[in-house]
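To find a chain, count down the sequence lines: A is the first, B the second, and so on, and within it residues start at 1.
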Amino acid sequence: MIKNDIRSALKQALENCYQQGTLSSGEYPAEIQLEVPKNPEHGDYASNLALMLARHEGTPPRQIAEVLVAALRANALFDTVDIAGPGFINFRLAAAYWSTVLHRIDAEQGAFGRSQVGSGIKVQVEFVSANPTGPLHIGHGRGAVVGDALASILAAAGFEVQREYYINDAGNQVQTLGRSILLRLRELQGEVVDFPEDGYQAAYITELAARLRQEQGELADLSEEEAISCCTRFGVEQILAWIDSDLRAFGIEFDNWYSEQSLYDRNMVEQELGRLKQKGLTYEEDQALWLRTTDFGDDKNRVLIKSDGSYTYFASDVAYHLEKFDRGFDRVIDVWGADHHGYIPRMKAMLKGFGLPAEALEVLLIQMVNLLRDGQPFVMGKRSGNFVTLREVIDEVGRDACRFFFLMRRCDSQLDFDLELAKQNSSDNPVYYVQYAHARICSINRNAAEVGMAPPSREEFDFSRLTLDDEIALIRQLSRFPEAVEGAALHYEPHRLVFYLQDLAALLHSYYNRHRVLDEDVRVTSARMYLVNAVRIVLANALSLLGVSAPEKM
RNA sequence: GCGCCAGUAGCUCAGCUGGAUAGAGCAACGGACUUCUAAUCCGUAGGCCGGGGGUUCGAAUCCCUCCUGGCGCGCCA
């Protein structure tokens with residue numbers, strides 16, 4: 001990559017200076033920092049190396065920069081190397097490099113942007129994992145898109161990625177689901193029931209009861225316990241089918257659905273807890289079994305087995321996470337609702353106690369989505385049944401707009417989502433802005449085809465016909481796509497690609513309005529087609545990583 | 001009380017490992033369609049980066065403190 005080339009050029013220059021005695025400290029910064037200047041007049045890349053060395057050399061940074069630049073000027077990589085401000089070294093890349101960027105995109109097509117930084121690292125992204133007690137709501141949608149896009153981005157960066165959904169099909173919540181269904185079933189049979197406050201009140205419970213009654217009758221010969229268990233099984237199965245179908249409508253498919261109950265069925269909870277005991281990380285007190293998480297940064301110790309002998313939710317979650325590493329993952333990413341943040345220290349403490357590095361588990365917190373309609377907030381709550389489902393939102397505003405919207409902000413900041421606004425202003429929606437850029441290029445291709453023109457091959461492409469600053473600006477942005485993907489992957493920040501896309505689209509629209517691609521001069525037309533088709537490829541690649549479509553016509 | 005996240009233009013938000021004159025979209029105002037799709041473009045205006053201290057060549061970014069908003073602090077899941 002170009003950044004590394006510039007770094008090694010700088011390092012080489014530094015070595016030369018030390019050998020020639022023009023610099024004397026012998027200091028080598030751990031990593032030579034390169035940045036993309038905000039102001040394009042400051043060149044394509046800039047380094048603060050001279051500023052970093054100033055203290056060690058005891059010389060003003062600009063003087064150091066001059067010495068370094070003298071050693072760099074001969075390098076064919078650069079058009080110009082300048083000193084600016086307090087001592088920055090600004091690099092402007094030579095034309096030959098820009099030509100290479102277009103060649104690469106043409107050669108790699110859909111693979112352009114992929115890298116190998118994560119090569120050989122197995123990572124699991126666990127996301128959504130909503131309780132199978134009701135349909136997905138809008139908050140789940142945000143976590144779903146972020147997790148899905150992140151998984152795609154990691155894969156593009158060379159990681160080996162698995163998408164997993166953890167099904168909380170053991171414990172109180174699904175029991176409550178079963179009881180709620182059974183009560184509604186009895187109501188359907190004419191019984192008057194006293195529906196408890198902590199039951200699930202929503203209408204879909206009655207739907208499930210009706211369907212159960214149709215398929216399996218009234219469960220009259222079963223004991224209360226058997227009937228509840230039957231209702232639970234039926235409910236979980238049905239609801240998971242809804243969830244899967246909603247996620248598919250959103251463009252999301254999981255590689256693995258992992259059942260909490262299966263941990264118990266395979267005695268995994270007991271086994272993994274046994275390993276913790278063996279390591280001396282647990283103790284008994286008040287007839288309960290505790291995990292010493294305070295030894296590893298938690299603010300209190302946590303119960304694994306309650307005094308009545310039953311496991312806590314934490315116990316199965318501990319087993320689940322340990323088992324992830326048993327399955328060979330080097331790194332595990334959990335996407336959680338931000339309201340679970342208090343849970344992170346105990347989980348990290350557990351893994352640390354087990355001897356795993358802190359980076360082995362990364363928890364991405366997804367902040368709340370405030371759903372609005374005409375500026376009025378919705379109050380959401382599963383039990384009250386007053387919530388807007390993810391499916392309703394997808395149907396209303398469209399999959400692309402919905403996904404893009406969820407990815408537009410850093411996931412740890414809250415998000416206001418106004419349904420009416422998202423629909424009403426759909427033409428102002430940033431997703432259309434980006435997609436339109438792609439459609440415009442496709443349209444140019446169609447018009448060109450009518451007069452028998454097509455984008456040139458690599459051999460036919462004549463870079464010297466691209467003489468405009470706007471053209472170099474476009475190529476510069478294209479050249480940064482691999483860095484953008486890598487940055488988004490290493491920092492777990494999918495939103496970076498959204499901003500990258502908006503910048504690229506803006507440059508394309510601006511270029512389109514100022515200059516004609518299909519020019520009178522055939523040679524210019526040909527070169528410009530090569531350029532805009534590189535833009536088209538990168539737009540499509542970036543959109544694809546976000547799970548948003550790249551339409552050819554709008 | 002303790003902890004986590006946030007506080008940047010009127011609104012919604014970017015700002016990568018600390019860097020040069022803090023950016024974009026929307027809203028406002030003024031322009032551009034006989035020209036490849038105006039779902040677009042060009043321009044103007046808009047700021048004590050919540051307040052205050054500190055660290056250094058240099059702070060929106062790091063540290064301390066205070067203020068405001070959200071969310072957590074179960075032998076619940």
Asker: Counting any heavy atom closer than 4.0 Å, what does A:Q502 reach on the DNA or RNA strands: base, sugar-phosphate only, or nothing?
Answerer: nothing
Asker: Could you give the distance separating B:rC4 and B:rA60 at their P atoms, to the nearest angstrom?
Answerer: 24 Å
Asker: Roughly how many Å is it from CD in A:E35 to C1' in B:rG58, rounded to a whole number?
Answerer: 12 Å
Asker: What integer distance in Å separates A:H42:NE2 from B:rU21:C1'?
Answerer: 8 Å
Asker: Please pick, from B:rA14, B:rU35, B:rU40, the nucleotide with the shortest atom-to-atom distance to any side-chain atom of A:S413.
Answerer: B:rA14
Asker: Counting just side-chain N and O atoms, does A:K553 come under 4.0 Å of either OP1 or OP2 of B:rA39?
Answerer: no
Asker: Would you kindly give the CG-to-C1' distance between A:N301 and B:rG74, to the nearest whole Å?
Answerer: 14 Å
Asker: Rounding to a whole Å, what distance do you find between A:H340:NE2 and B:rC5:P?
Answerer: 17 Å
Asker: Is A:T312 touching bases, backbone alone, or none of the nucleic acid, heavy atoms closer than 4.0 Å?
Answerer: sugar-phosphate
Asker: Taking CG from A:L497 and P from B:rA24, how many angstroms apart are they, rounded to a whole number?
Answerer: 21 Å
Asker: Less than 4.0 angstrom between a side-chain N/O of A:S510 and OP1 or OP2 of B:rC42, yes or no?
Answerer: yes
Asker: Pick the P atom in B:rG51 and in B:rA45, then give their distance to the nearest Å.
Answerer: 25 Å
Asker: I'd like the C1' distance from B:rG58 over to B:rU65, given in whole Å.
Answerer: 23 Å
Asker: Would you mind classifying the nucleic acid contact of A:V498 as base, sugar-phosphate or nothing, using non-hydrogen atoms under 4.0 angstrom?
Answerer: nothing
Asker: Can you check the distance between B:rC66 and B:rA28, where both ends of the measurement are the C1' atom (answer in whole Å)?
Answerer: 36 Å
Asker: Using a 3.5 Å limit on both distances, find every run of at least three consecutive Watson-Crick or G-U pairs that involves RNA chain B.
Answerer: B:1-7 with B:67-73, B:10-13 with B:23-26, B:28-32 with B:40-44, B:50-54 with B:62-66
Asker: Base, sugar-phosphate or nothing for A:R410? Non-hydrogen atoms, less than 4.0 Å.
Answerer: sugar-phosphate
Asker: If you compare all heavy atoms of A:A130 against all heavy atoms of A:H140, which two are closest, and at what distance to 0.1 Å?
Answerer: CB-NE2, 3.4 Å
Asker: For B:rC73 and A:R346 - does any side-chain N or O of the residue sit under 4.0 Å from the phosphate oxygens OP1/OP2?
Answerer: no
Asker: Name the orientation class of the two ring planes belonging to A:F461 and A:Y530 (parallel below 30°, tilted from 30 to 60°, perpendicular beyond 60°).
Answerer: parallel
Asker: Which class fits the ring pair A:F406 and A:F417: parallel under 30°, tilted 30 to 60°, perpendicular over 60°?
Answerer: tilted
Asker: Tell me which nucleotide among B:rA39, B:rC71, B:rC36 gets nearest to the side chain of A:D339.
Answerer: B:rC71
Asker: Could you check whether any side-chain N or O of A:Q435 sits under 3.5 Å from a backbone N or O of A:S549, counting only pairs where one atom can act as donor and the other as acceptor?
Answerer: yes
Asker: With distance as the sole test, does A:T312 use its side chain to make a donor-acceptor pair with the main-chain N or O of A:V303 at under 3.5 Å?
Answerer: yes
Asker: Select base, sugar-phosphate, or nothing to describe what A:N48 touches, counting heavy atoms under 4.0 Å on all strands.
Answerer: base
Asker: Does A:S307 reach a base, just sugar-phosphate, or nothing at all? Heavy atoms under 4.0 Å.
Answerer: base
Asker: At under 4.0 Å between heavy atoms, what does A:H438 touch on the DNA or RNA strands: base, sugar-phosphate, or nothing?
Answerer: nothing
Asker: Using the ring of A:Y313 (Phe, Tyr or Trp, six-membered ring only), decide whether A:R302 places NZ or CZ under 6.0 Å from its centre and within 45 degrees of its axis.
Answerer: no
Asker: Could you grab the distance from atom CD1 of A:I181 to atom CZ of A:R233, nearest 0.5 Å is fine?
Answerer: 12.0 Å
Asker: Looking only at the side chain of A:Q33 (C-beta and beyond, no hydrogens), which of the listed nucleotides B:rC36, B:rA77, B:rU17 gets closest?
Answerer: B:rU17
Asker: Need one value for A:L34: base, sugar-phosphate or nothing, where a base atom within 4.0 Å counts as base even if backbone is also close, heavy atoms only.
Answerer: base
Asker: Just to confirm, is there a sub-4.0 Å distance from OP1 or OP2 of B:rA38 to any side-chain nitrogen or oxygen of A:H509?
Answerer: no
Asker: Rounded to the Å, how far apart are A:L407 CG and B:rC13 P?
Answerer: 15 Å
Asker: Taking all heavy atoms of A:A149 and all of A:R403, pick out the closest pair and write down the distance.
Answerer: N-NH2, 4.4 Å
Asker: Does A:Y500 have a side-chain nitrogen or oxygen under 4.0 Å from the phosphate oxygens OP1 or OP2 of B:rG15?
Answerer: no
Asker: Please classify the nucleic acid contact of A:R440 as base, sugar-phosphate, or nothing, using heavy-atom distances under 4.0 Å.
Answerer: sugar-phosphate
Asker: Using the P atom as the point on both nucleotides, what is the distance between B:rC26 and B:rU68, in whole Å?
Answerer: 35 Å
Asker: So what does A:D299 hit on the nucleic acid, given a heavy-atom distance under 4.0 Å: a base, only sugar-phosphate, or nothing?
Answerer: nothing
Asker: For the residue pair A:M347 and A:H321, what are the closest heavy atoms and their distance?
Answerer: CE-ND1, 3.7 Å
Asker: Tell me what A:F88 touches on the nucleic acid: a base, only sugar-phosphate, or nothing, going by heavy atoms under 4.0 Å.
Answerer: base
Asker: In whole angstroms, how far is the P atom of B:rA32 from the NE2 atom of A:H515?
Answerer: 20 Å
Asker: Checking all strands, does A:N90 fall into the base, sugar-phosphate, or nothing category for heavy-atom contacts under 4.0 angstrom?
Answerer: base
Asker: Toward the 5' end of RNA chain B, which comes first, A:A170 or A:K3, by nearest nucleotide?
Answerer: A:K3
Asker: Under 4.0 Å between a side-chain N or O of A:S310 and OP1 or OP2 of B:rC76?
Answerer: no
Asker: Is there a side-chain contact between A:K306 and the phosphate of B:rC76, meaning an N or O under 4.0 Å from OP1 or OP2?
Answerer: yes
Asker: Roughly how many Å is it from CD in A:E362 to C1' in B:rC4, rounded to a whole number?
Answerer: 14 Å
Asker: Between A:L51 and A:D412, which is nearer to the 5' end of RNA chain B once each is assigned its nearest nucleotide?
Answerer: A:D412
Asker: Heavy atoms from C-beta onward define the side chain here; which of B:rA39, B:rC16, B:rC41 lies closest to that of A:R496?
Answerer: B:rC16
Asker: Can you label the angle between the A:Y511 ring and the A:H515 ring as parallel, tilted or perpendicular, going by 30° and 60°?
Answerer: tilted
Asker: Any donor-acceptor pair under 3.5 Å between the side chain of A:H341 and the base of B:rC5?
Answerer: no
Asker: Between B:rC75, B:rC16, B:rA39, which one does the side chain of A:W290 approach most closely?
Answerer: B:rC75
Asker: Grab the two heavy atoms, one from A:M453 and one from A:M529, that are nearest each other, plus how far apart they are.
Answerer: CE-SD, 4.3 Å
Asker: Base, sugar-phosphate, or nothing for A:Y343, non-hydrogen atoms under 4.0 angstrom?
Answerer: base
Asker: Hey, does A:A46 reach any base, or is it just sugar-phosphate, or nothing, if we go heavy atoms under 4.0 Å?
Answerer: base
